[in-house]
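Notes follow once the structure below has been shown.
Note that this is a predicted model, so its numbers are computed, not measured. As the structure lists them, so they are numbered: ligands from 1, and atoms in each ligand from 1.
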Amino acid sequence: MTKAGFKRLSSIVSNFKDLRIAVFGDLMLDRYVKGSVKRISPEAPVPVVRVTSESSVCGGAANVAVNLAALGARPVLVSVAGRDQAAEELSSLLAAAGVPAGALVRDGAFRTIEKTRVIAEHQQVVRFDREFPALLGPAAKRAALASLAEVLQEGCGALILSDYGKGLLEPATIKAAIALAAKRGVPVFVDPKVEHFQLYRGVACITPNTAEAFGGMRLTQADGQPAAEALGAAIMKKLALRTLLITQGEHGMTLFVRKGAAVTPVHIPTRAREVFDVTGAGDTVISTLALTWAAGAAPEEAALAANFAAGIVVAKLGTASASVEELLESAKSWLTA
Ligand SMILES: Nc1ncnc2c1ncn2[C@@H]1O[C@H](COP(=O)(O)OP(=O)(O)OP(=O)(O)O)[C@@H](O)[C@H]1O
Ligand SMILES: [Mg+2]
């Protein structure tokens, strides 16, 4: 990062606080049950976990909204929750993180998605998921789209589609959401699901990881930067994208930008000094990218900011987010002379 680049980033982040960013997608509650293991169960060959703590954090689209709030923006979360205990917990977690829940649809027939991880001696023993996509009916989806239409009409700097493949985002709702954003001139950013790849045609940017990028194109995964660059060019062409960001875990990310007929790849190496927990790095990437872009950054600048933010969250334990102060501090520490 150059000194001029840092000055520019400082001025861009000062626009964050006035920006409303809509997040549309699958909402979930991530639960953690932690404990110790002293013996094997007499009932079955499994460890007995003596529970010492239980906690929950926002997952899926809710975590994207939390990341936006941590950066000082004004996220608007549009999704469907049930009328259950998990939804109550999500409401208080969102409130504590500064995410308004006014645009959320509460549906009595639906059950809020929960993922519970049992962690013993710092190792995940088992995870159980409570998800019942069949309970997400057409009326709830219609209500969510109506809510999104209202949110976009009130004005938004960007729309993020947080697609975890849990039912809210399906071909009809994805098409409708993209059309609603197009009508208002709002750029759309997508954290994609492999099965829905073809539906994201023409959006501002999608942010698949390497496996999703290959999977979305129905190709077998290949290693190395040349393979990633050929893949990126093919995705850009196939989906008629303006930009594409392939995240590459410990290898960083590669941004593809269309300039006329040509597609230029720019590789950005990781900016993590220490890595503790990579959970949620993808949510941090899409939220920082969309927000920075909406604040007036060029795609290259937005990707750089997203990479700094991801480097911060992977150095924290548990699903985490980055603040503007941390973002600037990190950018500063990578200043070149
Ligand atoms: N092991 C790592 N070391 C350093 N940086 C990392 C590491 N893993 C992830 N990152 C950072 O986080 C970004 C996103 O990570 P990744 O490519 O794993 O996304 P993802 O698979 O979508 O993540 P998620 O599991 O949250 O969906 C990377 O581009 C990089 O900046
Ligand atoms: Mg991801």
>> At less than 4.0 angstrom from any non-hydrogen atom of A310, what atoms of ligand 1 do you find?
In response: 11 (C), 12 (O), 13 (C), 31 (O)

>> Could you check whether any side-chain heavy atom of R117 comes within less than 4.5 Å of a side-chain heavy atom of Q124, counting everything from C-beta outward?
In response: yes

> Of the listed options (A281, P192, G249), which comes nearest to atom 18 (O) of ligand 1 when hydrogens are ignored and any heavy atom counts?
Replying inline: G249

> Does E274 pair with K316 as a salt bridge, N-O distance under 4.0 Å?
Replying inline: no

>> Polar contacts were defined as any N/O atom of the residue lying under 3.5 Å from an N/O atom of the ligand; does this apply to N307 and ligand 1?
In response: yes

>> Between E131 and R111 (salt bridge meaning N to carboxylate O under 4.0 Å), is one present in this structure?
In response: no

> In terms of atom number and element, which parts of ligand 1 are under 4.0 angstrom from non-hydrogen atoms of T270?
Replying inline: 4 (C), 5 (N), 6 (C), 30 (C)

>> Within the supplied structure, the quantity of interest is the number of heavy atoms (other residues, nucleotides, ligands) at a distance under 6.0 Å from Q123 CD; does it exceed 12?
In response: no

> Would you find a donor on one side and an acceptor on the other, under 3.5 Å apart, between the side chain of N67 and the backbone of N63?
Replying inline: yes

> Between G157 and L19, which heavy-atom pair has the shortest distance, and what is it?
Replying inline: CA-CD2, 4.5 Å

>> Using the salt bridge (Lys or Arg N to Asp or Glu O under 4.0 Å) criterion, which residues pair with K7? Sequence neighbours excluded.
In response: none

>> Under a 4.0 angstrom heavy-atom cut-off, which atoms of ligand 1 come close to V278?
In response: 1 (N), 7 (C), 8 (N)

> Would you say E212 and ligand 1 have an N/O pair spaced under 3.5 Å apart?
Replying inline: no

> What are the atoms of ligand 1, with element, lying closer than 4.0 Å to any heavy atom of G280?
Replying inline: 26 (O)

> For ligand 1, which atoms, with element, lie under 4.0 Å from some heavy atom of G282?
Replying inline: 22 (O), 23 (O), 24 (P), 26 (O)

>> Give the atom numbers and elements of ligand 1 that come within less than 4.0 Å of a heavy atom of G252.
In response: 28 (C), 29 (O)

> Tell me: protein heavy atom nearest atom 20 (P) of ligand 1, and distance?
Replying inline: N209 ND2, 3.8 Å

> Which one of T254, T210, V285 has a non-hydrogen atom at the shortest distance from atom 14 (C) of ligand 1?
Replying inline: V285

> Looking at T247, which atoms of ligand 1 are within less than 4.0 Å of one of its heavy atoms?
Replying inline: 14 (C), 16 (P), 17 (O), 19 (O), 29 (O)

> What part of Q248, side chain, backbone, both or neither, has a heavy atom within less than 4.0 angstrom of ligand 1?
Replying inline: backbone

> Which residue holds the protein heavy atom closest to atom 1 (N) of ligand 1, what is that atom called, and what is the gap in Å?
Replying inline: E250 CB, 3.5 Å

>> side-chain contact (heavy atoms from CB on, under 4.5 Å), that's the test. Do T243 and M236 meet it? Break it down for me.
In response: CA-CA 7 Å; T243 49; M236 292 281 285; 5.5 Å; no

> Taking only heavy atoms of V275, which atoms of ligand 1 are found under 4.0 Å from at least one of them?
Replying inline: 1 (N), 2 (C), 3 (N), 4 (C)

> Can you check whether A298's main-chain N or O pairs, donor with acceptor, with E301's side chain at less than 3.5 Å?
Replying inline: yes

> Are the side chain of Y200 and the backbone N or O of K193 linked by a donor-acceptor pair below 3.5 Å?
Replying inline: yes

